Each structure stands twice: as C-alpha cells, then as structure tokens.
Number of protein chains: 2
Amino acid sequence: MKKGHQVTMKEIAKKLGVSVSTISRALKDSPELHPETKRKIVEMAKEMNYQPNLLAQSLRISRTKTLGVIVPEITSHFFASCISGIQDHANKRGYNVMICQSNESIDQEIANIRTLVASQVDALLISLSRETNHYEHLYELYSREIPFVLFDRVQEDIPVSKVTFNDAGGAYQVTHHLLEMGCRNIVFVSGPEDLYISKKRKEGYLKALNEYGIKENSNFIKVTDLTLEGNIEVAKEIAAMKSRPDAVFCMIDPVAVDVLTYWKSIGLKVPEEIALAGFTNNPTSAVVEPPLTTVSQPGYEMGKLAVSHLLDQLDGLASDDPISIVLETTLVPRKSSNRQA
Amino acid sequence: MKKGHQVTMKEIAKKLGVSVSTISRALKDSPELHPETKRKIVEMAKEMNYQPNLLAQSLRISRTKTLGVIVPEITSHFFASCISGIQDHANKRGYNVMICQSNESIDQEIANIRTLVASQVDALLISLSRETNHYEHLYELYSREIPFVLFDRVQEDIPVSKVTFNDAGGAYQVTHHLLEMGCRNIVFVSGPEDLYISKKRKEGYLKALNEYGIKENSNFIKVTDLTLEGNIEVAKEIAAMKSRPDAVFCMIDPVAVDVLTYWKSIGLKVPEEIALAGFTNNPTSAVVEPPLTTVSQPGYEMGKLAVSHLLDQLDGLASDDPISIVLETTLVPRKSSNRQA
DNA sequence: CTGTTAGCGCTTTCAG
DNA sequence: CTGAAAGCGCTAACAG
C-alpha cells in the first residue's frame with residue numbers, strides 16, 4: 001500500500017507562475033508581499049488542499065516542534081493523566097508529542113531515548129523506569145545539550161529541571177492522619193528500597209511518627225517487590241504478626257488494594273480491626289469496599305507544569321538553570337482509615 | 001535553550017577522507033563496499049557517536065516509519081491498553097508511533113488528523129470520538145490515499161479495514177447470563193443511541209431476550225449521556241420504577257459503577273434485590289463491592305491486531321482490500337449478578 | 001514586492 | 001569498489 005501524492009509548494013508555484021519563495025512567504029503571512037498575490041496564493045493553496053510538509057520544514061529550520069515523552073507505563077492511570085496534561089499544553093503552544101513507554105525496563109528506556117533523539121525531538125520529558133539504577137544515558141543527553149526535564153520518577157543529581165510531588169509531605173499527611181485516628185502501631189509497606197518514592201515516603205512516615213514520640217521499629221517496615229504475589233506475601237505477614245499493628249500505610253494504592261483484597265478473603269476487617277491507607281488516589285481506590293484513604297497526586301497538573309516549564313526554557317521565557325518544582329499532595333480520607341465511627 | 005550539535009555523515013566523511021555516499025553505504029551495510037572501508041567507517045561512526053537524522057532520511061525516502069494513533073481518551077484504561085499493544089508491535093516492526101487524543105471532540109479529531117498528516121506519518125490508526133457524526137475527514141484521508149484503519153469506535157461504511165469487538169455477541173453473553181440467573185425483567189442502560197456500540201449492544205441484548213421469548217419493552221431501555229449526573233439519573237429512575245426490574249445491564253462499566261454507588265447510597269442491595277452487569281472489564285469492576293459481572297475486551301490484543309494488519313498492508317504482506325477483524329469477548333461473571341447464592 | 005540561490009542531512013542513480 | 005551530482009520540500013539570505 002502506498003500513500004497518495006501530496007501537493008507541494010512547487011506545484012502551487014507552477015500553477016500560479018510565481019516562485020516557490022513567494023509561496024513560502026505568502027503562506028507564512030510575510031508582510032513584504034503584495035496583498036493581492038498573497039490572497040491568490042492562499043486561495044490556490046486551499047483549493048489544491050495544500051498541507052505543508054513538516055518534515056522538510058523541520059529539516060530546514062532544524063526544529064521539529066515535537067517533544068518526546070517517556071513514561072514507565074502508559075496503562076497506569078497516573079501516567080496517562082500526566083501524558084494528557086503534557087499533550088494538551090504542548091499542543092496549546094504549537095508542539096507535538098511523541099510518547100514512548102519503557103515498560104519499567106532500563107534497556108527500553110535507553111532505546112526510547114535513542115529513537116526520540118534520532119527523530120530530532122526538540123526536547124524530552126522523562127519519568128524513569130523502576131529498573132533505572134545508572135544514569136549514563138541521561139548524562140549523555142545532558143552533554144549533548146538536548147534539553148530535558150524529569151518528572152515524578154527522577155534522579156536527584158542530574159542538573160536538569162525536575163517536577164516531583166512532595167512525597168515526604170504526602171506520606172507525612174497520611175501517617176499523621178492515622179495517628180490522629182488513634183493508631184499507634186503503624187506499618188509502612190515500602191516498594192524496592194532504592195526507589196526515590198520509597199525513600200521519600202518512608203521519610204515522611206518516620207517524621208510523623210517522630211512527632212508523636214514513636215520511634216522507628218524495623219519490624220514495622222515491610223518491603224514488597226510490587227507484584228501481586230509480593231503484595232499478598234506482605235499482607236499475610238502482617239495478618240500473622242504476633243501483636244498485630246492497628247494501621248498499615250502502603251506506598252502506592254495498588255499495593256493497598258491487593259492487601260485489602262487478601263484481608264477480606266481471610267475475614268480481617270478494615271478499618272475495624274486494622275486501618276489501611278494508600279497513596280496516589282487511583283480511580284480504583286474510591287470504589288473498593290471500604291473506600292481507601294489515600295493521598296491525591298494530580299497527574300494532569302504535573303504534566304502541565306513539566307511541559308510548560310520545559311517550553312518556557314526552549315522558548316527563552318525561563319532561565320536554563322535547572323529548577324525543582326514540587327507539587328503538594330492532598331489527603332483524601334475515606335472509610336478504610338476511619339476508626340472513630 | 002538550544003540543542004547541541006549532532007554529528008552528520010559529512011563530518012565522518014571529512015574525518016576519513018571519503019565521500020558521504022560511501023558513509024551512507026557503509027552504514028546501511030551495502031555489499032558493494034570494501035570490508036575494510038566499511039569497518040573503519042562503522043568504527044568511526046560509533047566513536048563520534050553518530051546518530052542518523054531520521055528527518056532527513058524520511059524526507060529523502062518519503063517514508064517516516066511513523067504511525068499516527070488517535071484515541072478519544074488516553075486516560076481510559078481500555079484505550080491505554082490499545083495504545084500499549086500498538087506501540088509494542090509497531091516498535092517490533094521498526095515503526096514509531098505518534099499518539100493524539102481527541103478528547104471526544106470531532107474538531108479535535110480533525111485537528112489531530114491534520115497534524116499527523118502534516119508530520120508525514122505513513123499511516124493512521126483511529127478510534128472515533130463520541131461526537132463524530134459526519135465523516136468527511138475520513139473520506140478525505142481515503143481519497144488522499146493515506147492508509148488507515150479504524151478500531152473499536154468505527155464507522156461501518158468507510159471502505160477501510162476495521163477492528164472491532166463482537167459487541168452484539170458480548171451483550172448477548174451478558175444478557176443470556178442474567179437470564180440463566182433467573183432474571184426476566186432486564187433493563188438495558190444505553191449510551192447515546194447513535195453510538196455504534198449502543199446499537200450493537202442493544203442488538204445482542206434483544207437477541208438474548210428473544211431467545212427466551214421475552215419481547216422488547218421500551219420502558220426497559222434507558223439512555224444516559226454517560227456523564228456522572230446522567231448515570232445517577234438513570235439509577236434513580238430504575239430504583240423508582242413501580243415494578244422494579246430484577247436485573248440491569250449497563251452498556252459500559254463506568255455507568256454500572258455509578259449506578260451501583262448510587263444504589264448503595266440508598267440501600268438497594270446488589271445482587272439480592274437487583275442484579276447488575278457492565279461491559280469492558282475495567283480494572284475498577286473487579287474491586288467494587290460486590291465485584292461487577294462484565295465482559296472483557298482485551299484492548300492490548302485489539303491494538304496489536306490493528307497495527308499488525310495495517311503494517312502488513314503497508315509492507316505488502318496483506319492485500320489492500322479492506323477487511324473486518326472481529327474479536328470475541330469473554331463473559332466475566334462476578335458477584336453482582338449472582339442470584340443463586 | 002519578488003525571484004535566484006544555497007543548503008538542511010540523507011539516499012541514490014550514474015559514472016568511473 | 002568509490003565519488004560526483006541531483007534532489008526530497010522547504011526557508012532564508014541576497015539581489016534586484
């Protein structure tokens with residue numbers, strides 16, 4: 001199957017007996033042009049259904065007005081929201097977007113960067129894969145002076161702008177809420193410990209405990225690999241603890257949902273016997289029974305801020321010096337943590 | 001902020017004292033080339049960290065190896081899965097993907113097509129917006145001989161390949177299941193009636209009723225505009241019917257979830273007092289209480305099939321004659337329809 | 001106000 | 001086996 005022919009400036013030029021440059025000028029509304037000529041050209045272009053070839057244009061001006069986006073997983077609601085925010089605001093400023101997913105694989109992430117760079121995107125927005133534990137590919141982008149920003153899953157040392165949530169703050173909010181609900185033995189279910197969010201959320205958890213004069217108890221920190229099996233394993237462990245904790249704070253909602261589902265299956269009552277909270281405010285968390293207390297992270301907003309800042313830098317509206325944008329989260333208290341009722 | 005310089009073939013050529021064409025040949029492993037020269041060039045290219053400029057290449061060969069995808073909503077789990085399937089399989093065959101969302105707006109859909117075409121994508125995969133009720137933009141693509149396929153939200157008359165689910169079949173499965181559960185007064189909650197899926201699912205619903213000798217009852221067909229308010233309105237209406245139906249089949253899961261939530265708030269018990277079923281098998285449907293009976297539509301698979309067929313056509317591995325690929329759905333019976341217990 | 005010219009980075013005849 | 005030259009569609013000096 002081959003594509004049909006596309007009208008070019010040359011053809012309009014021939015038809016009208018003028019030069020290609022005149023066509024080019026008319027179509028970008030150059031002032032130094034006879035209004036009548038311009039009118040004729042614009043009309044003819046429309047009549048012939050001319051569509052500019054962005055490829056040629058980009059090659060010529062060496063700017064594609066296209067941004068590359070790399071996310072770990074497009075099917076995650078949170079990342080889909082980010083993408084949505086990026087797209088809308090990129091389009092609003094005349095930019096297109098190419099999206100890739102790394103599927104949580106560093107090799108795929110590197111491959112994605114290669115293709116996007118080869119496609120000559122003007123800049124990149126990247127959220128790192130879970131697997132990403134070395135950063136040469138990012139430093140290479142940096143040294144090649146290809147502008148990029150990191151969002152959500154960031155690496156702190158790279159001198160580029162980053163957009164993150166106040167993860168520690170959010171974890172503090174949840175933990176503080178559980179404490180206010182009267183819980184004192186609060187388990188934190190962490191993801192792999194080298195993850196940025198694992199560290200930050202643990203930090204907030206500990207800070208809240210500390211304010212209540214409770215000190216860190218390593219038995220109360222469980223680690224899951226974030227798979228269904230891993231999550232259930234942790235749920236089992238907690239249910240079987242000799243002196244059962246009165247609350248559990250899971251690093252992300254999906255973990256909390258898996259834990260909840262398991263506990264329901266063994267008849268452990270939430271929140272009566274044990275309170276539960278998550279993080280992210282996935283759509284799922286609102287509809288489980290009981291509805292899950294969580295912390296909302298506005299993904300659309302994050303995408304919007306990330307792309308706006310990046311484009312400000314590209315367009316010279318913002319300094320090239322890297323900045324860090326931190327979004328605040330909001331506690332969403334729901335029944336799963338309501339021990340007062 | 002400006003991008004750094006990228007190494008070009010010209011520079012490699014100068015450094016090695018050969019011509020650009022030789023570089024080009026070496027890099028695409030042309031056989032008519034001295035092995036030693038080739039080795040040297042490949043080595044130097046790697047050393048200089050050469051990355052081909054896909055833009056220039058595409059302009060030259062007038063193929064971008066890029067596909068355009070348009071979906072109504074990237075944040076919908078179903079469409080995100082489709083995209084994921086498309087991406088994975090496009091990449092596998094050396095193609096890139098540009099994704100756009102129409103946000104259920106026909107104007108946005110048209111705009112998306114324009115940009116993608118201007119970006120010279122080799123072909124398009126489109127799932128129509130809810131608003132799309134005229135099809136000039138598609139016929140124009142067709143007449144301009146830009147290959148495209150439609151998936152999920154299709155328009156039947158356009159002579160291009162389409163990938164859909166057996167929507168009528170799925171609706172039949174659900175309705176049949178409800179009938180087997182002993183329900184005889186089954187309401188169908190439809191979306192806007194001009195939607196393809198509204199029509200098809202109603203068709204399956206009626207077929208199942210018919211097999212049980214139940215004839216169409218227009219009071220038992222409710223229409224929602226698919227907004228939260230519309231869905232709740234319908235839920236209210238049904239709860240208030242003088243002789244209340246014993247089952248409700250909602251055209252898509254989100255509607256069923258809204259209905260369920262409302263009913264829970266007024267104390268109407270599912271499935272004891274009324275059975276409920278949805279369609280799509282969103283992640284949400286598994287975790288609501290009670291878990292929702294639904295029909296699963298494998299989005300990843302749909303994306304995969306759509307893109308594979310399209311690329312087969314592009315690469316001449318499949319005939320250009322339009323075909324229709326129909327995916328079967330699977331009934332997912334859950335507690336919300338279990339009237340036997 | 002408009003045409004001529006050069007060239008973005010690459011591929012591909014056509015000659016040697 | 002390799003180089004020279006043309007050209008993909010467009011923009012942007014530079015002339016006039």
Side-chain angles (χ1 to χ4, degrees), chain A residues 2-42 44-45 48-66 115 117-122 144, chain B residues 2-42 44-45 48-66 115 117-122 144:
Chain A
K2 75 288 141 210
K3 271 181 13 183
H5 175 73
Q6 306 246 14
V7 179
T8 68
M9 288 190 173
K10 205 173 172 182
E11 302 175 55
I12 307 183
K14 180 143 50 151
K15 206 134 193 169
L16 252 38
V18 295
S19 79
V20 197
S21 20
T22 305
I23 307 292
S24 174
R25 281 189 271 254
L27 262 25
K28 55 185 12 119
D29 208 29
S30 155
E32 38 166 42
L33 199 52
H34 193 94
E36 179 55 15
T37 329
K38 190 189 291 185
R39 200 193 50 72
K40 261 205 200 122
I41 292 175
V42 171
M44 177 58 80
M48 297 177 70
N49 195 12
Y50 169 77
Q51 306 276 137
N53 184 326
L54 256 41
L55 235 53
Q57 195 170 309
S58 299
L59 180 60
R60 184 55 240 242
I61 66 178
S62 36
R63 284 187 41 205
T64 53
K65 288 247 176 194
T66 298
T115 0
V117 168
S119 300
Q120 310 295 117
V121 294
D122 289 343
R144 290 179 63 182
Chain B
K2 75 288 141 211
K3 273 184 5 188
H5 175 72
Q6 306 246 14
V7 180
T8 69
M9 288 189 173
K10 205 173 170 180
E11 302 176 57
I12 308 183
K14 180 143 49 147
K15 206 132 192 171
L16 254 38
V18 296
S19 78
V20 198
S21 15
T22 305
I23 307 291
S24 175
R25 282 189 270 254
L27 261 25
K28 59 186 8 119
D29 208 27
S30 156
E32 37 166 41
L33 197 54
H34 194 94
E36 179 56 14
T37 328
K38 189 188 293 184
R39 200 193 50 72
K40 260 204 201 123
I41 292 175
V42 171
M44 178 59 81
M48 296 176 73
N49 194 12
Y50 169 76
Q51 306 276 137
N53 183 327
L54 257 40
L55 236 52
Q57 196 171 307
S58 298
L59 180 61
R60 183 56 238 247
I61 66 178
S62 34
R63 284 186 42 202
T64 54
K65 288 250 177 189
T66 299
T115 0
V117 168
S119 301
Q120 310 295 116
V121 294
D122 290 342
R144 290 180 64 182

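Here the structure is a predicted model, which is why all the values come from computation and not from measurement. Lettering of chains follows the sequences in order, A, B, ..., and the numbering in each one begins at 1. Just so you know, these numbers use all the heavy atoms, side chains as well, and skip hydrogens, waters and symmetry mates.
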With side chain to side chain contact (heavy atoms under 4.5 Å, CB included) as the test, would you mind laying out the steps for A/Leu54 and A/Gln57 before giving the verdict?
CA-CA 5 Å; A/Leu54 256 41; A/Gln57 195 170 309; 4.3 Å; yes

Between A/Leu55 and B/Thr64, is a side chain to side chain contact (heavy atoms under 4.5 Å, CB included) present by the stated rule, with each step listed?
CA-CA 9 Å; A/Leu55 235 53; B/Thr64 54; 3.6 Å; yes

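B/Arg63 and B/Gln120 form no side-chain donor-acceptor contact under 3.5 Å, judged by distance and modelled atom types alone.
The nucleotide whose nearest atom lies closest to any side-chain atom of B/Arg25 is, among D/dG3, C/dG3, C/dC8, D/dG3. The B/Thr22 side chain lies nearest to D/dG3 when the options are D/dG3, C/dT2, C/dC1. Looking at the side chain of A/Ser19, the nearest of the listed nucleotides C/dT4, D/dC1, D/dT11 is C/dT4. Comparing C/dC1, D/dT11, C/dC10 by their nearest atom to the side chain of A/Ile61 picks out D/dT11. Distance from the side chain of A/Ala56 is smallest to D/dC10 among D/dC10, D/dT11, D/dG3. Of all nucleotides listed (D/dT2, C/dG9, D/dG9), D/dT2 comes nearest to the side chain of B/Thr37. Closest to the A/Thr8 side chain, of the nucleotides C/dG9, D/dC10, D/dT11, is D/dC10. The B/Pro35 side chain lies nearest to D/dC1 when the options are C/dT2, D/dC1, D/dT2.
Between A/Gln57 and D/dT11 there is a side-chain polar atom (N or O) within less than 4.0 angstrom of OP1 or OP2. A close approach under 4.0 Å does not occur between any side-chain nitrogen or oxygen of B/Ser62 and OP1 or OP2 of D/dC8.
In this structure, the side chains of A/Arg25 and A/Ile41 stay at 4.5 Å or more apart for every pair of heavy atoms.
Remark: P of D/dC1 and NZ of B/Lys40 are 15 Å apart, rounded to the nearest angstrom. In this structure, B/Leu55 places its CG atom 14 Å from P of D/dG9, rounding to the nearest Å. The distance between atom CD of A/Gln51 and atom P of D/dC8, rounded to the nearest whole Å, is 20 Å. At whole-Å resolution of the value, NZ in B/Lys28 and P in D/dC1 are 19 Å apart. Computed from coordinates, the A/Asn53 CG to D/dC10 P distance equals 6 Å when rounded to whole Å. Put simply, CE on A/Met48 is 13 Å from P on D/dG9, counting in whole angstrom units. The CG atom of A/Leu59 sits 12 Å away from the P atom of D/dC10 (whole-angstrom rounding). Rounding to whole angstrom units, CG of residue A/Leu54 and P of D/dC8 are separated by 19 Å.
A salt bridge does not link B/Glu11 to B/Lys14: none of the charged nitrogens lies less than 4.0 Å from a carboxylate oxygen.
Among the protein residues, A/Ser21 comes within range of the nucleic acid bases, having at least one heavy atom under 4.0 Å from a base atom. No engagement by A/Ser58 is indicated, since no non-hydrogen atom pair under 4.0 Å with the nucleic acid exists.
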